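It should be emphasised that the depicted structure is a prediction, and the values quoted were computed from it without experimental measurement.
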Amino acid sequence: MTALQSEYSLWERGVEAEILPACRELGVTFVPFSPLGHSALTGTVKAGTRFGNGDFRSSNPRFSEENLATYLVPVGALAALASEKNCRPGQLALAWLLAQPFDISPIPGTRRAEFAKENIAATNVPLSRDEIAYLGRIFAPERIVGPRYAASDPSNKS
């Protein structure tokens, strides 16, 4: 095995304790999907955002009105730091992932070339150790509310 794929981002950190260290020990590349938290980390989702029928987020517990309000607080801090660093919040979230001490190759999904270019530019966002730690603290797992998936979602593997 040369790669392992699972969800990992500032707002989904369940792989940090055991999976990422095992990948490092075994020399396996970790391929995080949803590194932008289903767009939650891009700064484009706001309080009161409604998702259309068929949109995964419309039934996802993390995007419920109550949970959305809670996680928008750290997203606001992410956006503020991104503004200071002259980048977009999603770029900063990707830069944080790339700064982790593991062999990581994130796969952010996009349907538009402009966003693909924006995601690629995240590789040029410098982060200090203090900034990496700060982002880790503001997105500490206990601050993220709601399960990853609805109980009825066939993707629910948690």
Side-chain angles (χ1 to χ4, degrees), residues 1-24 28-46 49 51 55-58 60-63 67-68 70-129 131-150 153 155-158:
M1 180 185 325
T2 58
L4 176 68
Q5 182 180 9
S6 188
E7 187 171 3
Y8 183 44
S9 68
L10 277 167
W11 88 324
E12 178 49 54
R13 313 241 315 259
V15 297
E16 288 181 336
E18 295 179 11
I19 302 297
L20 288 174
C23 285
R24 177 192 285 152
V28 173
T29 298
F30 188 79
V31 182
F33 69 83
S34 297
L36 298 175
H38 308 286
S39 77
L41 302 173
T42 64
T44 59
V45 178
K46 307 290 183 202
T49 297
F51 301 101
D55 187 319
F56 160 81
R57 298 168 295 181
S58 67
N60 184 285
R62 289 200 178 164
F63 288 91
N67 291 341
L68 184 63
T70 299
Y71 89 72
L72 286 177
V73 174
V75 170
L78 174 74
L81 181 58
S83 179
E84 289 176 25
K85 298 187 74 58
N86 221 10
C87 67
R88 310 269 306 148
Q91 291 174 311
L92 187 55
L94 288 171
W96 177 87
L97 259 183
L98 293 168
Q100 298 309 299
F102 302 100
D103 188 6
I104 292 179
S105 296
I107 50 171
T110 185
R111 292 186 177 115
R112 295 172 45 189
E114 68 185 274
F115 294 144
K117 290 176 185 175
E118 186 176 295
N119 293 340
I120 290 167
T123 61
N124 297 318
V125 175
L127 287 176
S128 70
R129 287 183 188 194
E131 290 167 331
I132 294 165
Y134 169 71
L135 291 171
R137 283 191 310 274
I138 66 170
F139 283 95
E142 63 272 9
R143 295 190 73 187
I144 305 305
V145 294
R148 284 173 57 199
Y149 300 102
D153 187 325
S155 305
N156 187 358
K157 296 176 178 61
S158 30

> What residues, two or more places apart in sequence or in another chain, satisfy side-chain contact (heavy atoms from CB on, under 4.5 Å) together with S128?
Replying inline: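 Partners of S128 by the side-chain contact (heavy atoms from CB on, under 4.5 Å) criterion, ordered by chain and then number, come out as D130, E131.
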
> Partners of A22 by side-chain contact (heavy atoms from CB on, under 4.5 Å), sequence neighbours excluded?
Replying inline: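 Checked A22 against side-chain contact (heavy atoms from CB on, under 4.5 Å); zero matches.
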
Output side-chain donor-acceptor pairs under 3.5 Å for residues 88-95, partner residues at least two apart or in another chain, one line each.
{"from": "Q91", "atom 1": "OE1", "to": "R88", "atom 2": "N", "distance (Å)": "2.8"}
{"from": "Q91", "atom 1": "NE2", "to": "E118", "atom 2": "O", "distance (Å)": "2.9"}

>> Taking side-chain hydrogen bond (donor to acceptor under 3.5 Å, both in side chains) as the cut-off, I'd like each qualifying pair that reaches into residues 12-24, sequence neighbours left out, listed once.
In response: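 Qualifying pairs: Y8-E16, E12-R62, R13-E16.
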
With rounding to the nearest 0.5 Å, note down the distance linking [atom1] in [X] to [atom2] in [Y].
X	Y	atom1	atom2	answer
I138	L10	CD1	CG	7.5 Å
L81	S83	CG	OG	9.0 Å
T42	L78	OG1	CG	9.5 Å
T123	I120	OG1	CD1	8.0 Å
T110	L36	OG1	CG	9.0 Å
F33	Q5	CZ	CD	6.5 Å

> Side chain of K85, backbone of P126: donor and acceptor closer than 3.5 Å?
Replying inline: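 Indeed, once roles are kept as given, a pair shorter than 3.5 Å links the two residues.
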
I need the minimum non-hydrogen distance between [X] and [Y], along with the two atoms involved.
X	Y	answer
V75	A40	CG2-O, 3.5 Å
R143	V73	NH2-CG1, 3.9 Å
Y134	A77	OH-CB, 3.4 Å
S34	S9	O-CB, 3.6 Å
V15	F30	CG2-CZ, 3.9 Å

In residues 97-105, what donor-acceptor pairs under 3.5 Å come from side-chain atoms, sequence neighbours left out?
{"from": "Q100", "atom 1": "NE2", "to": "W96", "atom 2": "O", "distance (Å)": "2.9"}
{"from": "D103", "atom 1": "OD2", "to": "T29", "atom 2": "OG1", "distance (Å)": "2.9"}

> Do S39 and R57 have side-chain N/O donor and acceptor atoms under 3.5 Å apart?
Replying inline: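 Their side chains do contain a donor-acceptor pair, which is all the 3.5 Å distance test asks for.
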
>> So, using side-chain hydrogen bond (donor to acceptor under 3.5 Å, both in side chains) as the criterion, who are the partners of S58 when residues are at least two apart?
In response: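 For S58, no residue satisfies side-chain hydrogen bond (donor to acceptor under 3.5 Å, both in side chains) once neighbours in sequence are set aside.
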
>> So, using ring pair (Phe, Tyr, Trp, His ring centres under 6.0 Å) as the criterion, who are the partners of F51 when residues are at least two apart?
In response: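 Applying ring pair (Phe, Tyr, Trp, His ring centres under 6.0 Å) to F51 gives F63.
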
> Considering residues at least two apart in sequence or located in another chain, which fulfil the salt bridge (charged side-chain N to carboxylate O under 4.0 Å, His left out) criterion with R112?
Replying inline: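 With sequence neighbours excluded, R112 shows a salt bridge (charged side-chain N to carboxylate O under 4.0 Å, His left out) to E114, given in chain and number order.
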
